[in-house]
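For reference, the structure discussed in these notes is given below.
The chain is numbered in sequence order, starting from 1. What you see is a predicted model, and the numbers here were worked out from it, not measured in a lab. We count ligands from 1, going down the list as the structure has it; atoms in each ligand are counted the same way.
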Amino acid sequence: MLVKIHQDDEFLFQGKRKRLVEVLKEKGIADTKVLEAMLKVPRHLFYDHNTARPALLDLVYSIKALNIGAGQTISNPYTVALQTQLIQVNPGDKILEIGTGCGYQTAVLIELKAQVYSIERQKELFDKTSKLLPALGYKVKKLHYGDGYLGLPLFAPFQKIIVTAAAPSIPKELVNQLDIKGVMIIPVGDEKHQELLLVTKKSITDVEVVKIVKCDFVPMLENKN
Ligand code: SAH
């Protein structure tokens, strides 16, 4: 099945991705490495790789978040591009992602040659994505089933942390696990009002927080289900 869809990818979806990248450029994404990565990652395979439904697949390359089951979403591609651009990924960076979901953002980071550690709290999604990423050739350093609020202390420090669900405030434990000069991009707020924050750890005691833009993410939930 995957091989079949890969073949379709050659003919059908590459054009859609080129168009998506043009739209991202128009919307202000200027980092060519991020755009190149998003040109490569077959987003439609992260949306629904078992039952390819053409009508919905059409929407997967538009500037929209889509439901992926288990009450969760595949992030809007503009949001993925913006968050990735803001953390300025260097090859080899050790990056912690909170909220693996379908693994699309994870794949974009791996395409940028980062070493990615990612945490997901929903078992169903965790199991599905744990199979999907390697099947598509994406080598993750570690996929962890657990609570993102706790981070992954055994693997810290991380040069970058990318949070893809909205937390009520900046989790202290994640700041602790950030390297000095490391940056974290995180949506903070409730269901109605959220802001994307860029957090830079200047020193052990000094953290700079810059508000980037209003945003709309699913909530970052505490405790596993
Ligand atoms: N990165 C995904 C976006 C997933 S949506 C993408 O590229 O599309 C956010 C994800 O965060 C959901 O899968 C949700 O289950 C997960 N999540 C919510 N609270 C969490 C927590 N405390 N720890 C880890 N993951 C969490």
Side-chain angles (χ1 to χ4, degrees), residues 17 20 24 34 37-38 40-49 56-57 59-87 89 95-112 114 116-133 136 138 140 142-153 155 158 160-175 177 184-191 194 196 215-225:
R17 278 204 294 285
L20 169 63
L24 292 174
V34 173
M38 291 185 65
K40 285 188 195 150
V41 179
R43 180 170 163 87
H44 57 289
L45 300 184
F46 291 86
Y47 165 64
D48 191 352
H49 59 286
L56 291 176
L57 283 180
L59 291 179
V60 90
Y61 285 104
S62 56
I63 302 295
K64 278 189 172 66
L66 294 177
N67 291 332
I68 55 168
Q72 297 305 323
T73 56
I74 176 168
S75 289
N76 182 321
Y78 173 71
T79 310
V80 171
L82 182 65
Q83 285 193 288
T84 311
Q85 174 169 275
L86 284 165
I87 59 169
V89 180
I95 302 186
L96 176 64
E97 177 190 29
I98 309 298
T100 320
C102 63
Y104 176 68
Q105 171 77 73
T106 320
V108 171
L109 295 171
I110 294 171
E111 201 68 70
L112 287 163
V116 185
Y117 298 72
S118 188
I119 306 177
E120 174 56 52
R121 71 178 284 286
Q122 288 218 27
K123 188 78 166 80
E124 192 187 327
L125 275 173
F126 170 79
D127 288 342
K128 196 168 161 185
T129 304
S130 298
K131 291 191 191 106
L132 179 66
L133 282 166
L136 295 176
Y138 291 105
V140 194
K142 185 165 180 60
L143 283 181
H144 178 72
Y145 169 55
D147 182 3
Y149 281 98
L150 306 177
L152 278 178
F155 298 91
F158 298 95
K160 314 279 159 68
I161 298 180
I162 183 163
V163 184
T164 71
S169 59
I170 299 171
K172 223 175 159 189
E173 192 46 42
L174 296 184
V175 176
Q177 292 177 29
M184 167 161 66
I185 186 79
I186 177 167
V188 170
D190 55 28
E191 303 242 347
Q194 294 171 16
L196 195 58
C215 57
D216 182 20
F217 285 76
V218 296
M220 183 167 162
L221 303 168
E222 279 184 87
N223 305 320
K224 280 187 266 181
N225 52 359

Need the ligand 1 atom indices (1-based, order shown) with element for anything under 4.0 Å from a heavy-atom of [X].
X: Thr73; answer: 3 (C), 4 (C), 5 (S), 8 (O)
X: Ser75; answer: 3 (C), 6 (C), 8 (O)
X: Val218; answer: 5 (S), 9 (C)
X: Glu97; answer: 1 (N)
X: Gly101; answer: 4 (C), 13 (O)
X: Cys102; answer: 8 (O)

Please list every donor-acceptor pair under 3.5 Å in which a side-chain atom of residues 164-172 meets a protein atom from a residue at least two apart or in another chain.
| from | atom 1 | to | atom 2 | distance (Å) |
| --- | --- | --- | --- | --- |
| Thr164 | OG1 | Ile98 | O | 3.0 |
| Thr164 | OG1 | Gly99 | O | 2.8 |

Which one of [options] has a non-hydrogen atom at the shortest distance from [atom]?
atom: atom 18 (C) of ligand 1; options: Ala167, Gly148, Pro219, Gly146; answer: Pro219
atom: atom 25 (N) of ligand 1; options: Arg121, Gln105, Glu124, Gln122; answer: Arg121
atom: atom 16 (C) of ligand 1; options: Glu120, His144, Met220, Glu222; answer: Glu120

If we set the cut-off at 4.0 Å for heavy atoms, which region of Leu125 has an atom near ligand 1: side chain, backbone, both, or neither? side chain

Backbone or side-chain N or O of Leu221 under 3.5 Å from ligand 1 N or O: yes

With a 3.5 Å cut-off and no angle check, do the side chains of His144 and Tyr117 form a donor-acceptor pair? no

Any side-chain donor-acceptor pair under 3.5 Å between Tyr145 and Gln122?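 No pair is found: no donor N or O on one side chain lies under 3.5 Å from an acceptor on the other.
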
Please verify whether a non-hydrogen atom of Thr100 lies at under 4.0 Å from ligand 1. yes

Got a sec, which residues hit salt bridge (Lys or Arg N to Asp or Glu O under 4.0 Å) with Asp127, two or more places apart in sequence or on another chain? Lys123

